[in-house]
Amino acid sequence: MGTLTSTLSIALSALTSEKGAMDATANNVANVNTPGYSRIRPVLAENDPVVLAPLTFGTGVSLAKLESLRDPILQLRIGQEMQSQGELGAFVTAMQQVEVNFQSSSGDLGTKITQFFNSLNQLSTDPVDLSLRQAVLTAAQNLASGFRNTSANLIGQRSNLDLNVVQDVQQVNTLTGQIAQLNGQITNLENLQQDATTFIDKRDVLIQQLSSLVDVASIKSSNGLTLTTSNGTALVAGEQNFLLSTQADPSGVQHVFANGADLTAKLSSGALAGTIAVRDRNIPGLLSQLDSLAAGLVTAVNSVHHAGFDLNGNRGGDFFNTPPAGGQGAAAAITLAITDSRLVAASSDGSPGSNGNILQLAALHDQPLVAGQTANRFYGSMVFTAGSDVANGSSDLDASQLILQKLQDQRGSVSGVSLDEEAANMILFQRAYDASARIVQTVSEMLDTVIQMGAS
Amino acid sequence: MSSIRVNPNPLSDLLSALAEVQQQVNTAAEQLASGRRINRPSDDPAGAALVGEILDQSSRVDSFHQSGGTILGQLQIADSTLSSVVTALQRAIALGVQGANGTLSDTNRQAVREELGGIQQQLISLANTSYQGRFIFAGTANTQPYVADSTLTSGVRYDGNNASNQVQIGEQYLSQVNLPGSQLFSSPSADVFQAITDLTNALTANSGIDTAVAKVRSTFDFVTSQRVFYGNAISQIQAQQTSLNNEKVSLSSQENAVAGADPAKVISSLVQDQTARQATLQAIGRVPQYSLFDFLK
């Protein structure tokens, strides 16, 4: 049509739309440093035209929507990488503490084994010397306490990890609760055809946090987002979250339960899985090796000791107390059976000055005592195990960090706020706004002219 | 016209690069401070296990060296004791030869007999020599080996045993460290004390002196031949001590090759890391400074 008011309304639509677009820019700039924020882009659309045959008039512009720029697939990949990073991070942190037990130093278990055998070697030079005999008992005490301390440290570290599991589970429950709540808000808004991007951004951040703790798979359904662990245990369905719980098994180790089912061994990534792996696999593995070493050493030393004679001419008894049957807990239980150094069975024939049996005991240093290996070499393999667990975990963690960094980069390239872009947009929107305002002014002058026309 | 949109916020990239460089700087600093490349098993798991084995060996070498030193002292005492025994037996032979001379007066023969008695006491005392509180010719018995016993023809009883000890002074290297008195001084074929007693008796009876002297001479030969054992043992242990010293040096250089840090290499990588760190810091300082907003009037 051709009325001045319609021109005015076109200009007005432009003013409103450009101001709305400017709001989007302002919001982007405001959130330039907000983690998880996805930039929004104003989508301007032409209004439906009015047809007055043979002419078609435009009716201005409207702000169709504020589009949030996000890539759900990328978000998914980030979530997955967060899971493996969470797992590796927890694994490496835990194993680094374990590894300290096997650090080569003057006080490590390997040195104590060597020193025990060395003390026997010294005693062989003068088997009746009570101070050398006492030195053997002291070295054996050190060895026994070395075993007990290492075992106690490992067990202590395992129970600290147990605490971590409980805390992680609480954290998971908090997060799933928040996600369920956001799910409800998002669904409500979407049902009302309203923009839920703010909440979706928040939910994405929470899902990432959750991903660093457990393996999360998400399914989008009509009633919002469903989150499960990768083995299918529901964590969040729509507005409802399903709590995980922890419960100690008979040996005092905390297991993770969901709805009565034991998930402990089924968690495949996330910090919880990393922590549980160290707690249930790596530490028990090292503990059982430590027990085998202690049991192997004790059994061999005792058996040779029985064959000898002490300084009083009596048959040798136990040198160490017998390890528990099956060897489990041998390292924690290892103690000396004799306190009187005269009872060290050094002699092979009953004469006090004989050192035959001490030679036999000292020779155990070179004999296969545990799994076909000498005590020292077996200990060396434990050092290797602990070290390579950390080394492999660390290099996997580095790789994962690199991947995550790339993914975050990619996410940034899609969703990140660029100030340059926003400044350019601002100029665009400002110019358009200025121009529209000028049109309003012009139309106003035109109206004035029309009114003057009637007055004259 | 359209180009690929890049991540507008490179700060987190730079920060993680910075963290990585910082990590390398820390590692290098740790290596420089400790002088070691392997500071924990994860630095080189196989190397750490190997270092454990080398340290075990090295500590064993120390122990063998110490044992060798202890028994060396004992062997040297035994050797010098036997040397005194040999001297005493030489004197006894000389006295016997003197006594066999028919022109010797009864008084002089009496004096010779008395001196022989003294030699017998000296021999008993030598055979009872102890080292660090232990009788070195008692076999493996922990008792004074020779005591006077008038019920026996030699007048001396052996309370020790016939066993001997070995001591390990190297990997797979056992060295015998003593001979029992029963083998050295009172073996049935060459009993030192019996020979001296027989000589004394022959002088008293003034007959069979030559036979008795011959017997002392044969014990002299026997003890002299037994001394070879100690001489050999001493030189073997001394050679072994030298080789243990060499082994210790070689083990320590092996350990250093596996676990030691190469200072030149560490320092040059430290310098590189520091340069990288500085560059990254500068980049961080510049990146967020300007945007289009700065140029709008």
Side-chain angles (χ1 to χ4, degrees), chain A residues 32 96 99-100 102-104 108 110-111 113-115 117-118 121-122 124-129 347 349 351-356 359 362-363 365-366 376-377 379-381 383-391 394 401 405 408-414 416-421 423-424 426-427, chain B residues 4-10 12-13 16 20 38-53 55-56 59-60 62-64 66-68 70-71 74 132-135 138-143 160-161 163 165-168 171-172 174 177-178 259 288 291-296:
Chain A
V32 66
Q96 273 171 341
E99 170 190 41
V100 174
F102 300 95
Q103 212 150 321
S104 157
D108 78 335
T111 314
I113 295 173
T114 309
Q115 282 169 348
F117 284 113
N118 284 351
N121 189 265
Q122 294 310 311
S124 77
T125 63
D126 191 354
V128 295
D129 188 318
S347 167
D349 58 7
S351 64
S354 158
N355 71 358
L359 288 184
H365 177 270
D366 300 323
N376 277 92
R377 190 155 285 184
Y379 177 75
S381 72
V383 172
F384 177 81
T385 306
S388 69
D389 282 347
V390 175
S394 300
Q401 237 145 14
Q405 189 67 48
Q408 299 281 25
D409 247 13
Q410 257 178 297
R411 185 193 176 276
S413 75
V414 176
V417 176
S418 156
L419 289 178
D420 294 337
E421 216 169 68
M426 191 182 77
I427 297 167
Chain B
I4 294 170
R5 192 174 189 273
V6 297
N7 185 3
N9 300 313
S12 74
D13 268 356
S16 73
E20 200 173 319
I38 301 177
N39 288 296
R40 57 190 68 72
S42 55
D43 290 337
D44 178 358
L50 186 59
V51 165
E53 232 169 276
L55 290 180
D56 172 49
S59 172
R60 302 267 295 162
D62 283 342
S63 173
F64 292 144
Q66 198 183 334
S67 299
T70 310
I71 57 175
Q74 179 187 330
Q132 292 181 346
R134 195 159 37 82
F135 298 101
T140 61
N142 185 32
T143 175
N161 64 22
N165 274 340
Q166 291 182 314
V167 166
Q168 192 172 7
E171 296 294 348
Q172 315 294 326
L174 288 167
V177 295
N178 68 317
S291 77
L292 186 52
F293 281 106
D294 296 292
F295 299 94
L296 296 181

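Both backbone and side-chain heavy atoms feed into the values below; hydrogens, waters and symmetry mates do not. Below, read A as the first sequence line, B as the second, and so on, with proteins coming before strands; counting in each chain starts at 1. Computed from a predicted structure; not experimentally measured.
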Considering only heavy atoms and a distance below 4.5 Å, find which of [options] pairs most often with chain A.
{"options": "A163(B), G139(B), S12(B)", "value": "S12(B)"}
{"options": "A259(B), G133(B), P41(B), A49(B)", "value": "P41(B)"}
{"options": "N178(B), D13(B), N9(B)", "value": "D13(B)"}
{"options": "A141(B), S59(B), G52(B)", "value": "S59(B)"}
{"options": "N142(B), V6(B), N165(B)", "value": "N165(B)"}
{"options": "Q74(B), Q66(B), Q172(B), Q168(B)", "value": "Q66(B)"}

Take the angle between the ring planes of F117(A) and H365(A) and call it parallel below 30°, perpendicular above 60°, tilted in between.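 Plane angle over 60°, so perpendicular.
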Looking only at heavy atoms and a cut-off of under 4.5 Å, which of [options] has the most pairs with chain B?
{"options": "Q410(A), E99(A), Q405(A)", "answer": "E99(A)"}
{"options": "Q401(A), Q408(A), R377(A)", "answer": "R377(A)"}
{"options": "A363(A), S354(A), P127(A)", "answer": "S354(A)"}
{"options": "V390(A), D389(A), V32(A)", "answer": "V390(A)"}
{"options": "S351(A), G110(A), S347(A)", "answer": "S351(A)"}

By salt bridge (Lys or Arg N to Asp or Glu O under 4.0 Å) - contacts of D126(A) (at least two apart):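 Checked D126(A) against salt bridge (Lys or Arg N to Asp or Glu O under 4.0 Å); matches are R134(B).
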Just checking R411(A): does its CZ atom have more than 12 heavy atoms from other residues, nucleotides or ligands closer to it than 6.0 angstrom?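 Result for CZ/R411(A): enclosed.
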For [X], which atoms come within 4.5 Å of any heavy atom of chain B: side chain, backbone, both, or neither?
{"X": "A424(A)", "result": "both"}
{"X": "D366(A)", "result": "side chain"}
{"X": "V100(A)", "result": "neither"}
{"X": "L359(A)", "result": "side chain"}
{"X": "D409(A)", "result": "both"}
{"X": "I113(A)", "result": "neither"}

N39(B) versus chain A, heavy atoms under 4.5 Å apart: side chain, backbone, both or neither?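 It is the backbone, since no side chain atom gets that close.
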Does any heavy atom of chain A fall under 4.5 Å from the side chain of I38(B), the backbone, both, or neither of them?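 For I38(B), no heavy atom lies under 4.5 Å from chain A.
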Which heavy atom of S291(B) sits nearest a heavy atom of D294(B), and at what distance?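 Distance-wise, the nearest heavy atoms are N-OD2, 2.7 Å.
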Might you point out which heavy atoms bring P352(A) and V128(A) nearest each other, and give the distance in Å?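 Result for this residue pair: O-CG1, 3.3 Å.
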Does the side chain of [Y] come within less than 4.5 Å of [X]'s, by heavy atoms?
{"X": "L55(B)", "Y": "T114(A)", "result": "no"}
{"X": "N355(A)", "Y": "V167(B)", "result": "yes"}
{"X": "F384(A)", "Y": "F102(A)", "result": "no"}

With distance as the sole criterion, is a donor-acceptor pair present between the side chains of T111(A) and D108(A) under 3.5 Å?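 T111(A) vs D108(A): donor-acceptor pair found between side chains.
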By side chain to side chain contact (heavy atoms under 4.5 Å, CB included) - contacts of S418(A) (at least two apart):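 By the side chain to side chain contact (heavy atoms under 4.5 Å, CB included) rule, S418(A) matches D420(A), E421(A), R5(B), P8(B).
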Give, for atom OG1 of T140(B) and atom CZ of F135(B), the distance between the pair rounded to the nearest 0.5 Å.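 Rounded to the nearest 0.5 Å, the OG1-CZ separation comes to 14.5 Å.
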With rounding to the nearest 0.5 Å, note down the distance linking CD1 in I71(B) to OG in S124(A).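 OG of S124(A) is found 8.0 Å from CD1 of I71(B).
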